[in-house]
Amino acid sequence: MFRSGALRRPRKQNVTTPSEKPQAAAVPLRSTAPRTAVAAVVDGREVDLSEVAPEGAEVRFLTPAEPDGLHVFRHSSAHLLAAAVKDLYPHARYGVGPPITDGYYYDFETAEPFSAEDLARIEKRMKQLVKQRLPFQREILPKEEAIRIFREQGERLKVELVEEKGGEQVSCYRVGQFFDFCEGPHVPHTGVIRALKVLSSSNAYWKGDARGIPMQRIYATSFPDRKQLARHLRRLEEAKRRDHRRIGRLQRLFLILEEAPGQVVWLPAGMGIVNRLLEWMRGKLDRRGYQEIRTPLILNESVWARSGHLDHYRENMYFVEGGDQGYGVKPMNCPGAAMVFRSDVRSFRDLPLRLSEFGLCHRFEPSGVLSGLTRVRAFTQDDAHIYCRLDQVKAEVLDLMDLVAEVYEAFGFSDLQVELSTRPGKSVGTDESWEAAESALLEALTESDATHVLNPGDGAFYGPKIDFHVRDALGRTHQCATIQVDFSQAEAFDLSYATPEGARERPVVIHRAILGSVERFFALLTEHTGGAFPTWLAPIQVAVIPIADRHREAAAALAGRLRDQGFRVDLDDRREKMGYKIRHAEVRRVPFMVVLGDREIASGALSVRTRGRKGARPRSEADFTARLAELVASQAVSP
RNA sequence: GCCCACGUGGCUCAGUGGUAGAGCACUUCCUUGGUAAGGAAGGGGUCACCGGUUCAAUCCCGGUCGUGGGCUCCA
């Protein structure tokens, strides 16, 4: 518990609560707020409902139904979490506790990490505090006073924060016995946090500095009602169910060997999907004037010295020796592409030169960040380098945006978020070229009607870029496609082309990946579809299931006919019950199951079951194959 | 890389200081069955690896490797 001195309220004369201001004759916002409001925006400033709006002020109320309101709600929940932790573990010093996507966390400095039992206790305590409907009370006090209080309480982290961030007057909040440095606003009382769940704990560092103070972070979430919480928890379950590592195991798509951490072993089923995916991409690239190349996996160190990787990327690279020469394993495909460009005399007539490469890149990632197919040490980039003039950038980017949309829509990803990142502090290239490139990107974005977010100063040192984030079936976003302008490569590799006047000029390079890493895209697609791959990609498209031994011959004949038409068919003629085989196919998410028994043989029709749908419908073989062919040809998203 | 947890048959996981179990999967036999698991029998594990403590280690301790979650979305 807090020592008594710390508990004492700051003396009255030091406190300026809004209600004590002269204009306090007016009524607090709360009295006119809708029931679900958690805070208000008065003239653009977020405030507590206990505050009073000045005459004629513009007032808007925030509810958890909107992002800003939910933010306040979760922020208050974080305070509640810290309050519970301080009740139960008085020695835990509290750090920071912001709301995050889907919840909030709070960091504590403790000797011992929190166990699962601790988390359960904390959740229980939080719920007790909710029942008490404790008010969130704002207190404004002088900086020195706040520092004194936190120092008395032994909260050295808070002292540090107040010293760093506090103005002359410092805003703090009290909820029950818990007192925290915080700008607010907050919900009126803990009672509104009706549904909460403590999720997990893990390690973090004070201010994110791995050399700094280790902290124990507790993740939790909260909602204004239990239904929403239940829905969220169901979604978490669903995410687990769709985990590409689980499905990869179940459907025998890929392996990751202990002997080769961070690298993927593609099994036949997964390899087939990847191959079909890449063939499909190749078709698109052909039509858009790309020329595919393949460059060496390992290149002499001199190349990496020239490209700058040796200076800036060394710790992420693998090196090998051959003879007395040192070689670097490529972490990116750019130098190879640059050498292809340089291998011939280029003229302005050759531009834009679009060189694509499905290049296998190796990057030494720290062991702690590896994860399934999403964070690996070896991956295939669906890369391309477009060599063009600065004035061609816009047209190329427009074409790329079109390609990105086309590719992602084909898999049912309709929600693409676009980010434009501009020149960072440290960068190469002239002011004029940056300006031209940035405006080319911006114009392309505008013309393609893409709503985008601006990330000023977040571009690469060699040029501005556009990143794409896709939203999957569970509402999670993933960074995939990227378009980057590069002013550095042409210089580093002395690339040039002949202008109409016969002069030599440096081309601008556009790097771009559409799928990003093929491995990561595969993971995304697996989780997005829950393993129910669209028919054109599915490892097995049809499971042919004979009912009894006497139907095996007809089933084999049918399977043969389907295979002759190019379909991928599994003939399940094991001596098992039909229901068992149906289940087998359903679990593997085979798009179609065709059951063959006496009835089918007599009628000549097929009984076709579609995955995920109970029962079967009769269909003529011709209809069925026509339907299959159509699904494949159109690359239908479902089934 | 750092912190925490975990590593037991192909998979999911139980378990104990006295050289190990379940379900699924697999094999064989019986069953010939109408849209998500028929029955029986059987095979399969140096309990991740290396070292230590102990009469005895899968279990306790240390190390290594691997896996998982996390490592600021800034009061």
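Any value given below was found using the heavy atoms of this structure, including those in side chains, with hydrogens, waters and symmetry copies removed.
If you check every strand for non-hydrogen atoms under 4.0 Å, A/Leu370 touches sugar and phosphate atoms only. Nucleic acid contact for A/Gly579: sugar-phosphate only, since backbone atoms but no base atoms lie under 4.0 Å from a heavy atom of the residue. At a threshold of 4.0 angstrom between heavy atoms, the contacts of A/Arg574 are confined to the sugar-phosphate backbone, with no base atom among them. Among the protein residues, A/Gly95 comes within range of no part of the nucleic acid, since none of its heavy atoms lies under 4.0 Å from any strand. Residue contacts for A/Pro214: at a heavy-atom cut-off of 4.0 Å it reaches no nucleic acid atom on any strand shown. At a threshold of 4.0 angstrom between heavy atoms, the contacts of A/Ser200 with the nucleic acid are absent.
Side-chain to base pairing of A/Ser202 with B/rC3: no donor and acceptor N or O lie closer than 3.5 Å to each other. The base of B/rC3 has none of its N or O atoms less than 3.5 Å from a complementary donor or acceptor on the side chain of A/Tyr205. The base of B/rG1 lies outside donor-acceptor range of the side chain of A/Glu315, with no N or O pair under 3.5 Å. Side-chain atoms of A/Arg609 come within donor-acceptor range of the base of B/rA36, with a qualifying N/O pair under 3.5 Å.
For A/Arg246 and B/rC11, the shortest distance from a side-chain N or O to OP1 or OP2 is not below 4.0 Å. Look at A/Ser371 and you'll find a side-chain N or O under 4.0 angstrom from OP1 or OP2 of B/rG69.
For A/Tyr580, taking side-chain heavy atoms from C-beta onward, the closest of the listed nucleotides B/rG1, B/rG38, B/rG34 is B/rG38.
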